[in-house]
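The structure under discussion appears below in the form of structure tokens.
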Amino acid sequence: MKNEIKQHIGSVALVVNDYDEAIAFYTEKLQFTLVEDTDLGEGKRWVLVSPPGSNGTHLLLAKASNQQQMHAVGNQTGGRVFLFLHSNDFWRDYNSMKSKGVVFNESPREEPYGTVVVFQDLYGNTWDLLELKHPKG
């Protein structure tokens with residue numbers, strides 16, 4: 001096909017208070033991989049983390065650098081679930097996260113689309129951990 005459009009989301013920026021505490025949370029509690037941590041000078045870093053087995057989409061941990069950004073930390077979507085962490089074994093990941101002190105907003109539940117629970121990251125952003133009944137390739 002001539003000039004076929006092919007795109008994907010490479011990174012999603014997540015505003016954080018501190019690079020190192022955010023790296024620790026994502027790598028230790030959620031078992032993400034630190035993909036890159038490059039010093040850009042003047043206190044800025046390019047920090048990418050990804051869940052294990054990721055398809056190439058990363059979280060860009062972006063340190064808040066002004067008052068407006070600081071107010072967004074932990075509330076980037078006005079209280080709505082912000083990100084959706086898909087799992088191929090919900091109970092394995094739920095139990096692992098729970099044992100490491102991750103805060104859950106509810107008990108796991110079964111929905112028509114799969115098993116899901118809402119959890120918080122270290123700043124209070126809400127996420128869904130979910131295992132779809134019929135995962136898309």
D89 backbone acceptor or donor facing S87 side chain under 3.5 Å: yes
Looking at V116, V118, N125, which one forms a side-chain contact (heavy atoms from CB on, under 4.5 Å) with V81? V118
Side chain to side chain donor-acceptor pair (under 3.5 Å) partners of E28, counting only residues at least two apart: none
List the residues meeting side-chain contact (heavy atoms from CB on, under 4.5 Å) with Q69, not counting sequence neighbours, and say none if there are none. V15, A64, S65, N66
Can you confirm whether K100 is buried at NZ, in the sense that more than 12 heavy atoms of other residues, nucleotides or ligands lie under 6.0 Å from that atom? yes
Partners of D128 by salt bridge (charged side-chain N to carboxylate O under 4.0 Å, His left out), sequence neighbours excluded? none
Answer yes if L122 and L60 sit in the same cluster of Ile, Leu, Val, Met, Phe, Trp and Tyr residues linked by side chain heavy atoms under 4.5 Å apart, and no otherwise. no
When every non-hydrogen atom of F82 is compared with those of Q76, the smallest separation belongs to CZ-NE2, 3.5 Å
Separation between OG1 of T115 and CG of D93, rounded to the nearest 0.5 Å: 12.0 Å
Can you check whether R45 reaches L40 side chain to side chain, under 4.5 Å on heavy atoms? no
Could you work out, with side-chain contact (heavy atoms from CB on, under 4.5 Å) as the rule, every residue matching L83, not counting sequence neighbours? V12, L59, W127
For P112 against K133, the heavy-atom pair lying closest together: O-CD, 3.4 Å
In the structure I gave you, are the side-chain heavy atoms of K98 and V117 within less than 4.5 Å of one another anywhere? no
I'd like to check the salt bridge (charged side-chain N to carboxylate O under 4.0 Å, His left out) partners of D18; sequence neighbours left out, ordered by chain and number. none
Please say yes or no: joined through hydrophobic side-chain contacts below 4.5 Å, possibly via intermediate residues, are F25 and M70 part of one cluster? no
Side chain of K63, backbone of Y19: donor and acceptor closer than 3.5 Å? no
Do any pairs count as a ring-ring contact (aromatic ring centres under 6.0 Å, His included) and have a residue in residues 27-46, sequence neighbours left out, and if so which ones? Y26-F32
Any side-chain heavy-atom pair from L130 and H86 closer than 4.5 angstrom? yes
When clusters are formed by joining ILVMFWY residues with side-chain heavy atoms under 4.5 Å apart, either directly or through shared neighbours, do V16 and L34 land in the same one? yes
Can you name the salt bridge (charged side-chain N to carboxylate O under 4.0 Å, His left out) partners of R92, sequence neighbours left out? none
Taking R80's backbone N and O only, do any of them form a donor-acceptor pair with T126's side chain (distance below 3.5 Å, no angle check)? yes
Among residues at least two apart in sequence or on other chains, which ones pass salt bridge (charged side-chain N to carboxylate O under 4.0 Å, His left out) with E111? R109
At what distance, to the nearest 0.5 angstrom, does NZ of K6 lie from CG of N3? 14.5 Å
Listed partners of F104 passing ring pair (Phe, Tyr, Trp, His ring centres under 6.0 Å), at least two apart: Y94
Connected to I5, directly or through other members, by ILVMFWY side-chain contacts below 4.5 Å are none
Check E131 against N88 and note the closest heavy-atom contact, atom names and distance. OE2-O, 3.2 Å
What distance do D37 atom CG and L61 atom CG have between them, rounded to the nearest 0.5 Å? 9.0 Å
If you group Ile, Leu, Val, Met, Phe, Trp and Tyr whenever their side-chain heavy atoms sit less than 4.5 Å apart, what else falls in with V103? none
Using distance only, find each side-chain donor-acceptor pair of residues 48-57 under 3.5 Å and give its atom names and separation, not counting sequence neighbours.
{"residue": "S50", "atom": "OG", "partner": "T57", "partner atom": "O", "Å": "3.0"}
{"residue": "S50", "atom": "OG", "partner": "H58", "partner atom": "ND1", "Å": "2.5"}
{"residue": "S54", "atom": "OG", "partner": "G56", "partner atom": "N", "Å": "3.2"}
{"residue": "S54", "atom": "OG", "partner": "T57", "partner atom": "O", "Å": "3.1"}
{"residue": "N55", "atom": "OD1", "partner": "T57", "partner atom": "N", "Å": "3.3"}
{"residue": "N55", "atom": "OD1", "partner": "T57", "partner atom": "OG1", "Å": "3.3"}
{"residue": "T57", "atom": "OG1", "partner": "I9", "partner atom": "O", "Å": "3.0"}

What about W91 and L85, same hydrophobic cluster or not, with Ile/Leu/Val/Met/Phe/Trp/Tyr joined at side-chain heavy-atom distances under 4.5 Å? yes
Considering only heavy atoms from C-beta outward, does the side chain of Y123 approach that of E21 to under 4.5 Å? yes
